[in-house]
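Beneath this line is the structure, given in structure tokens, with notes to follow.
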Amino acid sequence: VPPVPPAPPAPPPSTEYPSSCAGGMLGVDNPGGASSYAYGGPSCDCSFSGTFHVPDWERAIPPFAFAGCWDLTAVTGMANVETVGADAFYDSGIHSFEWPSKAKVVPEYCFARSKLTSISNLGGVDTVQAAAFAEAWMLASIEWPSGAKTVPRECFHSCSSLASITNLGGVELVDDFAFENTRRLP
């Protein structure tokens with residue numbers, strides 16, 4: 001009788017993210033569709049408060065994972081995260097955030113309408129997508145990732161507290177409305 005090969009390892013458990021929109025995509029799972037941003041964006045419910053710990057096995061934060069989580073104070077355990085979904089922190093209460101070092105893209109609307117005041121560890125980022133920080137009205141300064149050659153469309157739109165962006169020397173293109181309504185920039 002030949003030996004029975006060992007069973008493959010069990011997949012890691014799935015992670016429950018707190019937003020009612022977690023994992024959704026605009027125009028697919030969001031009943032408001034892509035045009036919903038014109039009317040204030042998607043409306044996501046979230047009763048989570050405090051610090052959310054991302055499990056070690058997690059490699060991706062899904063779209064809208066923390067959208068609408070106004071009482072979210074921190075996210076920890078992001079050492080193995082390689083991708084962050086669009087709108088992950090949309091309309092959330094996150095104040096300070098350390099970008100996961102393995103994630104190379106800040107996706108569209110990632111921190112839009114959030115309470116973000118500071119973000120660090122963007123050094124490994126090579127792409128920032130449209131409206132990534134739009135309407136993050138509490139963001140006062142940011143160090144632009146040196147690998148990102150474009151400041152995309154509406155990236156800092158209506159970031160009314162934004163007074164300083166450093167490390168723009170390698171930027172080759174500033175797209176339409178990237179800094180619209182950012183009244184405090186010199």
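None of these values were measured; they are calculated from a predicted model. FYI, side chains are in, hydrogens and waters are out, and symmetry mates aren't considered; it's all heavy atoms of this structure.
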Checklist entry - Would you call the rings of F52 and F66 parallel, tilted or perpendicular if under 30° counts as parallel and over 60° as perpendicular? => result perpendicular
Checklist entry - Between Y90 and F64, how do the two ring planes meet: parallel, tilted or perpendicular, split at 30° and 60°? => result perpendicular
Checklist outcome for this item: Which of F111, F177, W137, F133 passes ring pair (Phe, Tyr, Trp, His ring centres under 6.0 Å) with F156? Answer is F133
Checklist entry - Would you say the side chain of M78 lies within less than 4.5 Å of the side chain of T76, judging by non-hydrogen atoms? => result no
Item to check | A67 backbone acceptor or donor facing S19 side chain under 3.5 Å | outcome: yes
Checklist entry - If every non-hydrogen atom of G85 is compared with every non-hydrogen atom of P107, which pair is closest and at what distance? => result O-CG, 3.3 Å
Checklist entry - Under a 4.5 Å side-chain heavy-atom rule over Ile, Leu, Val, Met, Phe, Trp and Tyr, are L162 and V174 clustered together? => result yes
Next on the checklist: When you compare the side chains of S114 and S92, does any donor N or O come within less than 3.5 Å of an acceptor on the partner?
Outcome noted: no
Checklist entry - Are the side chain of R59 and the backbone N or O of D56 linked by a donor-acceptor pair below 3.5 Å? => result yes
Next on the checklist: So which atom in F97 and which in P100 form the shortest heavy-atom distance, rounded to 0.1 Å?
Outcome noted: CE2-CD, 3.9 Å
Checklist entry - If you look at every heavy atom in N167 and P145, which pair is closest and at what distance? => result ND2-C, 4.2 Å
Checklist outcome for this item: When rounded to the nearest 0.5 Å, the distance separating CG of L116 from OG of S96 is 7.5 Å
Checklist entry - Could you give the distance from CD1 (I119) to CD (E98), rounded to the nearest 0.5 Å? => result 10.0 Å
Checklist entry - Hey, is the main chain of D71 close enough, under 3.5 Å, to the side chain of S49 for a donor-acceptor pair? => result no
Checklist entry - Hey, are the side chains of W70 and D91 touching, using non-hydrogen atoms and a 4.5 Å cut-off? => result yes
Checklist outcome for this item: Tightest non-hydrogen contact, residues A178 and V151, listed as CB-CG1, 3.7 Å
Checklist entry - Roughly how far, to the nearest 0.5 Å, is the SG atom of C155 from the CG atom of D175? => result 10.0 Å
Checklist entry - Going hydrophobic residue to hydrophobic residue with side-chain gaps under 4.5 angstrom, can you get from L139 over to L168? => result yes
Checklist entry - Can any side-chain N or O of Q129 pair as donor or acceptor with the backbone N or O of E108 at less than 3.5 Å? => result yes
Checklist entry - After noting the C-alpha distance and the side-chain angles of T83 and V105, does the key distance pass the side chain to side chain contact (heavy atoms under 4.5 Å, CB included) rule? => result CA-CA 7 Å; T83 59; V105 175; over 6 Å; no
Item to check | Spacing of S141 atom OG and L185 atom CG [to the nearest 0.5 Å] | outcome: 10.5 Å
Item to check | Closest non-hydrogen atom pair, S146 against G123 | outcome: OG-O, 4.4 Å
Checklist entry - Less than 4.5 Å apart, any side-chain heavy atom of V54 and any of Y17? => result yes
Next on the checklist: Walk me through whether K102 and N80 qualify under side chain to side chain contact (heavy atoms under 4.5 Å, CB included).
Outcome noted: CA-CA 7 Å; K102 294 180 181 179; N80 294 315; 3.4 Å; yes
Checklist entry - Do you know which two heavy atoms are closest between V84 and A103, and how far apart they sit? => result CG2-CB, 4.4 Å
Checklist entry - Going only through I, L, V, M, F, W and Y residues with side-chain contacts under 4.5 Å, is there a path from V128 to V81? => result yes
Checklist entry - Taking side chain as C-beta onward, heavy atoms only, is L122 less than 4.5 Å from I142? => result yes
Checklist entry - For the atom pair CZ (R183) and OG (S158), what is the distance rounded to the nearest 0.5 Å? => result 7.0 Å
Item to check | Test applied, side chain to side chain contact (heavy atoms under 4.5 Å, CB included); reference residue, V106; option that passes from V125, T127, D126 | outcome: V125
Item to check | Stepwise side chain to side chain contact (heavy atoms under 4.5 Å, CB included) check, I61 with V75 | outcome: CA-CA 11 Å; I61 303 300; V75 176; 5.8 Å; no
Item to check | Check against side chain to side chain contact (heavy atoms under 4.5 Å, CB included), C110 and W99 | outcome: CA-CA 11 Å; C110 189; W99 189 255; 4.1 Å; yes
Checklist entry - Roughly how far, to the nearest 0.5 Å, is the CD1 atom of I94 from the CG atom of L72? => result 4.5 Å
